[in-house]
Student: 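What follows is a structure written as structure tokens; I'll ask about it next.
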Protein chains: 2
Amino acid sequence: MAQEKKLVEEITSMEEDFAQWYTDVVKKAELIDYSSVKGCMVIKPAGYAIWENIQKELDRRFKETGVENVYMPMFIPESLLEKEKDHVEGFAPEVAWVTHGGLSRLQERLCVRPTSETLFCDFYANEIQSYRDLPKCYNQWCSVVRWEKETRPFLRSREFLWQEGHTAHATAEESKERTELMLNVYADFCEEVLAIPVIRGRKTDKEKFAGAEATYTIEALMHDGKALQSGTSHDFGDGFAKAFGIQYTDRDNKLKYVHQTSWGMTTRLIGAIIMVHGDDSGLVLPPKIAPTQVMIIPIMQQKEGVLEKAAELKGVLSSNFRVKVDDSDKSPGWKFSEQEMRGIPVRIELGPKDIEANQCVIVRRDTREKLVVSLNEVNEKLSEILETMQNDMLERARAHRDTHTYVATDYEEFKQTITEKPGFVKAMWCGDEACENKIKEDTSATARCMPFPEKQEQIANTCICCGKPAKTMVYWGKAY
Amino acid sequence: MAQEKKLVEEITSMEEDFAQWYTDVVKKAELIDYSSVKGCMVIKPAGYAIWENIQKELDRRFKETGVENVYMPMFIPESLLEKEKDHVEGFAPEVAWVTHGGLSRLQERLCVRPTSETLFCDFYANEIQSYRDLPKCYNQWCSVVRWEKETRPFLRSREFLWQEGHTAHATAEESKERTELMLNVYADFCEEVLAIPVIRGRKTDKEKFAGAEATYTIEALMHDGKALQSGTSHDFGDGFAKAFGIQYTDRDNKLKYVHQTSWGMTTRLIGAIIMVHGDDSGLVLPPKIAPTQVMIIPIMQQKEGVLEKAAELKGVLSSNFRVKVDDSDKSPGWKFSEQEMRGIPVRIELGPKDIEANQCVIVRRDTREKLVVSLNEVNEKLSEILETMQNDMLERARAHRDTHTYVATDYEEFKQTITEKPGFVKAMWCGDEACENKIKEDTSATARCMPFPEKQEQIANTCICCGKPAKTMVYWGKAY
């Protein structure tokens, strides 16, 4: 039994040191490895398979809204990056610069894309002539580079994988509609597939994307009470169109500027899954996103017929589930521990006595609930269990978020809550950046988002910070 | 009718100027656009959708052989690139160098990956300890950069998309087996899915990959008689393992070096599809890879019931085929011309008279054969037509290649054939690089590959160039 304990003992407990627990889990669940390139990670098969499932599901949802995929160059000439003033100010300090191609110095520096608004705008300026060419709803799956100083696997790295959608529309109404539509696609995906409840809202001007008129966001709460921005959708209005000269001839034969959006989700979502659902035994994957949903672990596998029955069971299940058999020469206890570390939603234990009784034991990863199930109805039971588990995970995460969401109407109370009780604090704000800055200075918390009108609450009439008339309710929190 | 002719008139005929025809087709079929970044292209929706289908099909075939996907950083520190002598000599002259991150100069230059052998080796050196860790069969889908001077869409560009597989094995036999296995996966994919027949064989030492012990290749013949290297699979033996110190403890408790392979296919395949199957009306896509297989074109669509029937037909077909309706306000002739330019395998013409007779007209893109089909059996007929078309395309390409494959036993005859008759020339070779160099100088042709033993033919006993005893038969040709 010494061996069984080892794997779990190698990870720090969440309560003791959440940051170390996170680092241990990403390593021990074999999601990533560090590389020789500072700040860049290797995404290993177990990690990349989660990303593939995220891609598959998001891509399908994008295409249902009429989005088409394209691929833009990974380099941006310096002059192109500089075309939109706010944008270059936001990104230039953190890009990687290519100065040489082969043995020669380039005439103009190229940056490795930190995001591709400028490339899409350059492309759209040629591509769009008439109202007939609109809308354009393009997306690309790629990697981007931002020269971060502090990095953490999945959460902040110098290179990360993402998708970036870039659309162009005839009117301001249409671009606003698309911005909202994609935010809702993101939010539904997080809740339905990743079992992560999110707050939808708008970023303050201080927190919005460089060059955007409005940035919408979904914010999730991690187990440690810190917020994670999980997806953003930007409405550019006609700002980029004016900087890049993207005009079209409308039905009335007048030349007009297009209105644009962009929206992105990244491998950071994998960090969110870990930090929302994980526990002291490791990763817990929601069934809908898990690359392997079921691990069959034979007990006393050296006994005649056990491995055969396990393989047979795999065959029975594999048209409905993503299922594997662990027939390695490790002990069952060690296998349980590995399956738990990797977050595989359920394991099926199958030994000689089970076979004799025509049954197996299904164990849920999240609750460790055990169920003895007849082999005749294992498909149906497994469907039920995985569905229940998916729902329970969402509800548990929602309950955790709700019990860690506080209200403050007085600045002393606000500071105390945000310092002592990790979570969101709902409080009113006057709309002045000075108050945001003071709050950040005093507490290190930021305005995560201003919920949409239908979710606004009139908690108080005055700003939590300055006491002037309040304009909006804000979710405040410390964030990754 | 003036309008109908226009689209086709905009492309040069193949016979007149093949290179210009190619450029016209990639633009007019809306596969790519040029970008502000010299030598890099924008892959537009119609082009990217072909790549997505290639990815889906190849990825499935890889996974069936036990391959898992991962993601490595896009940057390689200069010192890492330099670890294997032949490799750095081959790639250093054509890489892009990152020298600055944000506002600071980097301590060590990073190149943007031209290929990732060095990164995988660095990773495997840590990851592999014991024979239990073997084999490792990893692949990644990504973009790579090579600072080419002359570029052409899909065929040669500074950045291109590809997959690169990198495996590590316990023995030389296993790495050889994997190298061959992946070459066969590539060859089968080209023939079964892209309808492109290929010659399988081995590269000469002069033509092999920088750092490889052996490079296997599949070579296809384009319509203009030039060869296109369409996929390569490299056996590294233990060369990289020794340079990077990748060792494992074997069952006999001895420390041994691993044996490695790598293999890749790129967006260049889209160039091959165009140049093997295209014609003077534009692109012709094999049904299995076509993003849209069927375009329904309503005739007299302003008449009551026509658009409704077209939509109904789409509904009937869409569980079996990738089908669209072109209900734009263009004329039917213009729509035919667009569908042909884009290479959509079949169109279905549906007008009031057809509806009255409960029929439609199916037109094949490749042969322009028209078939009147009852609406009751359109699903079955369409299946047959697409299957026949797929097979016919492969057979036509094979016949074209075979009639453009010549034999030479005498150097004057060889030079004349290769100069005057575009295609492959089969001829014997002594194995000496001096003869390869002379042939290239005299004719600009290169050794495309040495077919595997079972496909070798004893055309003559002496080298076509120097007259010394021949070692092997070679397919020679001019190549992209």
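By convention in this document, chain letters (A, B, ...) are assigned in the order of the sequence lines, proteins followed by strands, and residues within each chain are numbered from 1.
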Student: Determine the option with the most heavy-atom pairs under 4.5 angstrom with chain A, choosing from B:Glu94, B:Glu68, B:Glu159.
Tutor: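 Winner by heavy-atom pair count: B:Glu159.
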
Student: Side chain, backbone, both or neither: which part of A:Asn139 has an atom under 4.5 Å from a heavy atom of chain B?
Tutor: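 For A:Asn139, neither part sits under 4.5 Å from chain B.
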
Student: At a 4.5 Å cut-off on heavy atoms, which part of A:Ile32 comes close to chain B: side chain, backbone, both, or neither?
Tutor: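 For A:Ile32, no heavy atom lies under 4.5 Å from chain B.
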
Student: Among A:Ser157, A:Cys40, A:Ser36, A:Pro114, which has the most heavy-atom pairs under 4.5 Å with chain B?
Tutor: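 Among A:Ser157, A:Cys40, A:Ser36, A:Pro114, the one with the most close pairs to chain B is A:Ser36.
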
Student: For each of A:Val70, A:Val112, A:Val98, A:Leu161, tally heavy-atom pairs with chain B at distances under 4.5 Å, and name the one with the top tally.
Tutor: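 Of the options given, most contacts go to A:Val70.
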
Student: Return the NZ to CD distance between A:Lys38 and B:Glu108, rounded to the nearest 0.5 Å.
Tutor: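 Going from the NZ atom of A:Lys38 to the CD atom of B:Glu108 covers 13.0 Å.
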
Student: Give me the atom names and distance for the closest heavy-atom approach of A:Val37 to B:Phe75.
Tutor: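 Distance-wise, the nearest heavy atoms are CG2-O, 3.3 Å.
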
Student: For the atom pair CZ (B:Phe123) and OH (A:Tyr34), what is the distance rounded to the nearest 0.5 Å?
Tutor: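 These two atoms lie 13.5 Å from each other.
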
Student: Which one wins on heavy-atom pair count under 4.5 Å against chain B: A:Ser328, A:Gly102, A:Ser35, A:Gly47?
Tutor: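 The option with the most such pairs is A:Gly102.
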
Student: Against chain B, label A:Asp33 side chain, backbone, both or neither, depending on which of its atoms sit under 4.5 Å from a heavy atom there.
Tutor: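 For A:Asp33, side-chain heavy atoms alone lie under 4.5 Å from chain B.
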
Student: Report which part of A:Tyr138 has an atom under 4.5 Å of a heavy atom belonging to chain B: side chain, backbone, both, or neither.
Tutor: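 Just its side chain gets close to chain B.
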
Student: Please indicate whether A:Arg60 has more than 12 foreign heavy atoms, meaning atoms of other residues, nucleotides or ligands, lying under 6.0 Å from its CZ.
Tutor: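 Counting neighbours around CZ of A:Arg60, more than 12 heavy atoms of other residues, nucleotides or ligands fall under 6.0 Å, so yes.
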
Student: Please state whether the side chain, the backbone, both or neither of A:Trp147 comes within less than 4.5 Å of a heavy atom of chain B.
Tutor: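 Only the side chain of A:Trp147 comes within 4.5 Å of chain B.
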
Student: Salt-bridged, B:Glu52 to A:Lys63, with N to O below 4.0 Å?
Tutor: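 Yes, charged N to carboxylate O under 4.0 Å.
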
Student: Just wondering, more than 12 heavy atoms not from B:Glu64 lying within 6.0 Å of its CD?
Tutor: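 Above 12, so yes.
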
Student: Against chain B, label A:Arg132 side chain, backbone, both or neither, depending on which of its atoms sit under 4.5 Å from a heavy atom there.
Tutor: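 Side chain only.
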
Student: I'd like to know which of A:Ala96, A:Cys111, A:Ala46 tops the heavy-atom pair count under 4.5 Å against chain B.
Tutor: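 Highest number of heavy-atom pairs under 4.5 Å: A:Ala96.
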
Student: Does a donor on one side chain sit under 3.5 Å from an acceptor on the other, for A:Tyr71 and B:Ser143?
Tutor: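 Yes, side-chain donor-acceptor contact under 3.5 Å.
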
Student: Rounded to the nearest 0.5 Å, how far apart are CG of B:Asn69 and NZ of A:Lys44?
Tutor: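 Output value for this atom pair is 15.5 Å.
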
Student: Which bit of A:Val95 is near chain B, if near means a heavy-atom gap under 4.5 Å: side chain, backbone, both or neither?
Tutor: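 Only the backbone of A:Val95 comes within 4.5 Å of chain B.
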
Student: In terms of heavy-atom proximity below 4.5 Å to chain A, should B:Gln140 be classed as side chain, backbone, both, or neither?
Tutor: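 For B:Gln140, no heavy atom lies under 4.5 Å from chain A.
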
Student: Please round to the nearest 0.5 Å and tell me the distance separating atom CE of B:Met74 and atom SG of A:Cys142.
Tutor: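 Spacing of CE (B:Met74) from SG (A:Cys142) equals 8.0 Å.
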
